[in-house]
Amino acid sequence: MKPAPPWFSWLNPVVTLLLPFSSLNVVAMALAEDRIPAPQLVPQPVSLSVSAGTFGLTDRTAIAAGPGAEAAAHHLAEALRAPTGLPLPVRSEADQPGAISIELDPGLASRLGREGYRLVVRREGVTIRAAASAGLFYGGVTLRQLLPAAIHSPKPVAPPTAWTAPCVEIEDYPRFPWRGLLIDVARHYQPVEFIERAVDLLALHKLNRLQLHLTDDQGWRIEIRKHPRLTEVGSRRRESPVKGNSRQGDGTPYGPFFYTQAQLRELVAYAQTRHVTLVPEIEMPGHFLGALAAYPQFACRGGPFQVRTRWGIEPDILCPGNDDAMAFVQDVLAEVVEVFPGPFVHIGGDEAPRDRWKECPKCQARIKAEGLRSEAELQTWLNRRVERFLASKGRRLIGWDEILEGGLTPGAAVMSWRGTAGGLAAATAGHDVVMSPTTHCYFDYSQSRAPGEPESIGGFIPLPTVYAFEPVPADLAMDQRQHILGAQGNVWTEYIRTPAELEYFAFPRAVALAEVVWSPAEARDYADFQRRLERHLQRLDQLEVNYRKLDR
Ligand code: ACM
Ligand code: ZN
């Protein structure tokens, strides 16, 4: 905050005495304007200049939408109406005085890309311009952050609140195209309403990928019409580990919990309006016991299997030696791509012990027939089949960095979780990469060593560690750096049960990650971030986000 000028304290009574009432108001306003705090934006925009004066929302403010900008205009209008109660009509004539004008300008594409925007706030009005609707949307997100924190309230805010924003010129665009968060809905299912809330929270931080970890040993959470036992059997488990002792069962049946395809389609549409792409993750060949409990014939040796009731790594995995198992996988993915229109399907690929494959006649026959040299290459063979199938549907495969082990398939993208070395190797070989290492991006790890933290899977990733993450490895050649698509925070939920717990683990770390993936690397400044975060947490307070409080 800028301090009041030194003459303020003695001038004020003089002004009060000497000036008629109406002029006094003008002077007082000018003085008040002088004291408007600098905008506290998160993530920090590429460029920001502040000038004197403010723009205020009033009951006469309209939102003027240019051609193609209607969706962004209506979305912003709704967000602003809820707390203010102002009418904020959306009109199609551009450049109305006093309005918030939202316009597409394809000429901005070369400088700002699809997600960038120009936001100008003047006393007379606001303009948001962008080459595409994503940019218009993000301009609106920034405009809301310029207004008082209460603008983020989903409920009407009692007057008197002056809905003013400082006059600024902002030009802004993201550093990376993949700005992600993963929510593990397999270990603990989260209700649809919470996934929608998570989408809103991502959008508020200009994060744009939400990966849903839909299947695992402990549960199968997506309806597949052709194979209904996946959810009939796979979406429930006999019990879960008790809080505080993961070796002991709680004796309480869990589920059935899963998303219908209709629910997921609605979620996809909800996320699209907020420029968030949902990335489905269907784990294979490991972390597959939810499916094998329903269809044991697709394991190397027959079941029966039960949906796993403890965390950890499961030895029974998919049998890629079995043609029927391969057809089953394709059936599942065929329905998945019908529901999720995004370009990537995540096929997991991590933590798949290959011991069963060593003993399996079908897997060994496949290795021989295909001229493979190892079980690792058998996993690559599986990935290649899946990659071709996804390509036939116009989609790309992404998987955890274990998919490098038997050799990457040609079009695969890698999500690097065991450090960044896998990502570096993949990008060096010309593959796209999302960085999500356990050193910086595991939001299920503990945030503090102070007493009183909730039980967690272990590890330690405090806020400054997330903020310090650099997604582009220093050793990566310049001409391969464009392969680093971005970074992602992962919220695995073995030890996270409820939405409130999930918010506690995700925030404020997701805020720090948002700045890592959006703002220019050279703008990174932790002390400055901390100051802006103070204000930002007031916004999260309005939304009643259960973030972890900052250490004092
Ligand atoms: C992972 O954390 N196993 C991807
Ligand atoms: Zn097998």
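Whatever order the structure lists ligands and atoms in, that order sets their numbers, starting from 1. Position 1 is the first residue of the sequence, and the numbers go up from there.
A side-chain donor-acceptor contact under 3.5 Å links Arg238 and Gln306. For the residue pair Gln261/Glu335, the side-chain donor-acceptor check at 3.5 Å is satisfied. Under 3.5 Å, the side chains of Trp311 and Gln218 contain no donor-acceptor pair of N or O atoms.
Listed by number with element, the atoms of ligand 1 under 4.0 Å from a non-hydrogen atom of Trp492 are 1 (C), 2 (O), 4 (C). Here is the list of ligand 1 atoms found below 4.0 Å of a heavy atom in Glu351: 3 (N).
Here the heavy atom of the protein found nearest to atom 3 (N) of ligand 1 is Asp350 OD2, 2.6 Å.
A donor-acceptor contact shorter than 3.5 Å links the side chain of Trp357 to the backbone of Leu318.
Inclusion of Tyr442 in the set of residues having an N or O under 3.5 Å from an N or O of ligand 1 is warranted. Ligand 1 has no nitrogen or oxygen under 3.5 angstrom from a nitrogen or oxygen of His287.
At least one side-chain heavy atom of Asp316 sits under 4.5 Å from a side-chain heavy atom of Phe305.
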